[in-house]
Amino acid sequence: MSEQTAPNPATEEIQSEEEIFEQKRIRLEKRERLNAAGGLGGGAYPVAVPVTTTIPAVRAQWGHLEETPDSASGETVGIAGRIVFQRNTGKLCFASIQAGDGTRIQAMLSLAEVGEESLAEYKELTDLGDHLFVKGEVISSRRGELSVMVSEWQVAAKAIAPLPNLHTELNEETRVRQRYLDLISREQARTNVLTRARTMASLRETFAKHGFMEVETPMLQTMPGGASARPFVTHSNAFDMELFLRIAPELFLKRAAVGGLERVFEINRNFRNEGADSTHSPEFAMLESYQAYTDYNGIADLTQELVQNAALAANVGSDREGTHTVKWADGTLFDLGGDWARISMYGSLSEAAGVEVTPETSVADLQAIADKEGVEVPLANHGKLVEELWEHFVIDSLTGPTFVMDFPVETSPLTRHHRSIPGVVEKWDLYIRGFELATGYSELIDPVVQRERFVQQAAEGARGDVEAMKVDEDFLRALEHAMPPTGGMGMGMDRLLMALTGLGIRETILFPLVK
RNA sequence: GCCCCUAUAGCUCAGCGGUAGAGCUACGGACUUUUAAUCCGCAGGUCGCAGGUUCGAUCCCUGCUGGGGGCACCA
C-alpha cells in the first residue's frame, strides 16, 4: 500500500472492507464528504433539488442558440441530469448531463462564475454517473453547443458504482442483466421501451374504440388450460395444494363471455415451461380477446386493425409517421398496411407440395410425404403431419402479413368445426416475418363437443403428450350455461414488438429472465 | 435435453506452457471553450470455480457454473 492511501480516521473503516475495489472506495469517500457537508435533506442524496424545467424543455426552447455561437439567452434555469462526460480544464469545466430520455445538455462551470472553492469541490466530488443539479443561464458555447453557464451546482445523487465506458457497446449479458446501464448508454434501448409503451397504449385505444373491456384473470390456476404447453408448477402454503402458473387466460375469458362480457380482452403474462430462444421466453406477455357474435373472419379484421394502429403508433415521430411501414433494426422496411392475404392451410400446402392434401388424406399418405422430405413428426396424427408439412413447404414463401386459415381438427381442441368443410376447424394463424404472431378462432361453444375434445386430449396425454390438455370440469360447467357465438384471438405482445421493430425477443422485454 | 463456441482490470477487448497487456475509467499533476478534450505521471487482475497433467498452468485435459449460437419442443 502506497503512502498516499495510508490509513486515516475518516477512511479506515471503509478500507477495512477488502472486497470494495478502489474506484468504489473512492466514491464512498466522496459520498461521506458530501453527506458531512450537506446535513439532513442534503448531502450526497438530497431529498429534492430545485429544478425549474427539464433538459428536453431547455433544448426545445433554446436549441436555436446553437446557430449563434457564444450567445446568451438571459434566462436562468435549474436542471438536473446524469453526468455522462466530463471535460475539465484548470479554470473551466464542461460536463454533458443527460436526461432519462437520452437528451443531453452541456453544463459549464467557470472560475469566474462559481469561485475557486466551488470549482475545486466540483472537481473533487463529482464523477461520471452522478446525477447533478445545476442552476445558471442558458447560453451557447464558443463552439456553439447549447449549455448552462453554472452559477450554483449540487450533487443530486452520488453514484458509487462507476459508469461503464460509453464509447464501446456493453456485451449482451450486461445489457440484459443490468438493463439500467443499457438504458443509460444506448439510444436503441430507450426507444425500444418507448415503442413498447406506445404499442400497448395503442392496442388499448383500439379496443376501447370498439367497446371492449379489459379484465384480469388468474395467473395462479388449479388446472392449467387454454393452450398446449407444459406449465410451471408451484405450491400454495395457505391451501396446501399444487398450483400452476397459467399457460393462457383463455378458459377464464370464456367464462367471462358466458357471463355476458361480450367484448373483452386481457393483456398479461403467460408462463410456459419450455425452450427459450430468440423467439421464445419462459414468461411472455399475451393479448387475448373475445368478441361475441362474430367469427374468425371478424376477429381477423380486428386483429389487422390492432396491428396496423400499433404500427402507426410505433412510427410517431419518425420519418414514416402516418404510414404503416415499420423499420426493423437491420434497416429493412416492412409494410403492414392494406388488407392482408388470407390463404388456406390445405390449399397452400397442396400447391407447394405439388400433391393434393385434404382433410381426407390418410395418415399413411402424409407420413410418406414427410418421410420423403425428411420431416420428422413425433406422435404423428393427421393434424400434426399436415401442420409440420405446411411449415416445411410453405412458411418460408410467405412475404407480407398472412392469415393462414382452416386448420386440422386434431391440433385445435378449443375450436369449432368449419361451417362447410369437414375435418377442419375455423382457426387462423397470422404469420409476420416468418413467425406466428397471432392466432384466431371461431370459438367452440358446444359443451358436448368440448367435452369430447377434452377426453380426446386426455387420451393424447395418456399416450405421453405432456402438453395435452386435461378435462376441465369447471370450465365445462360454465359452457353448459351457453356462451354466445364468439370470435377469439391471441397475440404475443413480445412478438408484436418483434414484428414492429425487427428485434430479438430479449430486446423487446425490459427485464427478460436470466439465470 | 443434445452439440459447438465462450469466460482475462470498473467497461470493451488483446495475449501466451515460464505467475499478464491496451483503450476508456480511476488516482496525482498541468490547462478558461472542451466534444471519447489534451499532455505528464501512477495505480488497478486468485486470468469464472474445482480438480488433473507438468519442474512450472491464465494457456493443455476433466468436471461444474454463467453467457452466446445451433438442434429438438413451443407462441
Side-chain angles (χ1 to χ4, degrees), chain A residues 1-5 20-27 29-30 69-70 84-96 104 106-114 119 123-124 127-129 139-147 149 159-178 181 184-185 226-231 247-248 270-288 376-379 384 387-388 391 411 429-432 435-439 465-467 490-496 498 504-506 514-515:
Chain A
M1 189 167 287
S2 68
E3 54 276 273
Q4 69 194 17
T5 55
I20 297 178
F21 68 93
E22 187 197 8
Q23 293 194 33
K24 185 167 174 181
R25 195 198 74 230
I26 288 161
R27 285 158 181 257
E29 290 167 6
K30 294 178 182 180
D70 215 5
V84 290
F85 292 115
Q86 281 186 310
R87 300 170 292 278
N88 294 346
T89 70
K91 292 166 185 158
L92 181 64
C93 297
F94 301 88
S96 302
R104 291 174 182 174
Q106 178 167 269
M108 296 170 62
L109 284 92
S110 161
L111 177 66
E113 289 291 326
V114 300
L119 189 70
K123 284 198 248 189
E124 281 174 25
D127 288 292
L128 288 178
I139 63 162
S140 63
S141 71
R142 262 178 226 169
R143 295 288 174 89
E145 178 153 351
L146 187 65
S147 307
M149 179 53 81
I160 295 309
L163 196 65
N165 177 0
L166 293 180
H167 315 302
T168 50
E169 292 209 327
L170 294 170
N171 70 31
E172 191 165 339
E173 187 178 1
T174 309
R175 275 191 203 176
V176 170
R177 280 191 191 277
Q178 295 180 272
L181 295 179
I184 292 165
S185 60
S228 299
R230 304 175 69 166
I247 55 176
N270 290 345
F271 306 85
R272 298 190 184 175
N273 207 343
E274 292 164 348
D277 60 27
S278 64
T279 56
H280 297 83
S281 172
E283 62 171 317
F284 62 101
M286 183 84 175
L287 160 67
E288 282 202 15
E376 287 187 30
V377 184
L379 301 169
K384 287 191 179 185
E387 289 194 16
E388 290 293 330
E391 286 187 22
T411 48
D429 273 358
L430 171 61
Y431 279 85
I432 291 184
F435 57 76
E436 192 185 330
L437 173 64
T439 183
D465 187 343
V466 292
E467 295 168 0
M491 187 190 306
M493 293 291 88
D494 315 300
R495 291 189 164 190
L496 174 59
M498 291 165 65
I505 197 166
R506 281 155 63 93
V514 280
K515 254 178 164 178

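Each chain gets a letter, A, B and so on, in the order the sequences are listed, and its residues count up from 1.
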>> Taking the basic N atoms (NZ, or NE/NH1/NH2) and the acidic carboxylate oxygens, is any pair closer than 4.0 Å for A/Glu388 and A/Lys384?
In response: no
> Within this structure, what is the CG-to-P distance between A/Asn171 and B/C11, rounded to whole angstrom?
Replying inline: 9 Å
> Mapping A/Leu163 and A/Leu111 onto RNA chain B by nearest heavy atom, which one lands closer to the 5' end?
Replying inline: A/Leu163
> Which nucleotide in the set B/U32, B/C27, B/G23 lies at the smallest distance from any side-chain heavy atom of A/Ile26?
Replying inline: B/C27
> Can we say A/Arg272 and A/Glu283 salt-bridge, meaning some charged N sits less than 4.0 Å from an Asp/Glu carboxylate O?
Replying inline: no
> Do any side-chain nitrogens or oxygens of A/Lys30 fall under 4.0 Å of OP1 or OP2 in B/C27?
Replying inline: yes
> Hey, are the side chains of A/Leu437 and A/Leu496 touching, using non-hydrogen atoms and a 4.5 Å cut-off?
Replying inline: yes
> Do A/Lys24 side-chain atoms and A/Pro162 backbone N/O form a donor-acceptor pair below 3.5 Å?
Replying inline: no
> How do A/Thr174 and A/Ser96 order along RNA chain B: which one's closest nucleotide is nearer the 5' end?
Replying inline: A/Thr174
>> At under 4.0 Å between heavy atoms, how does the protein contact nucleotides 66-72 of chain B? Give one character per nucleotide, 5' to 3', with B, S or -.
In response: SSS----
> Looking across every strand, which nucleic acid part, if any, lies under 4.0 Å from A/Asn88 by heavy atom: base, sugar-phosphate, or nothing?
Replying inline: base
> Partner of B/C27 by Watson-Crick or G-U wobble geometry, both contacts under 3.5 Å, or none?
Replying inline: B/G41
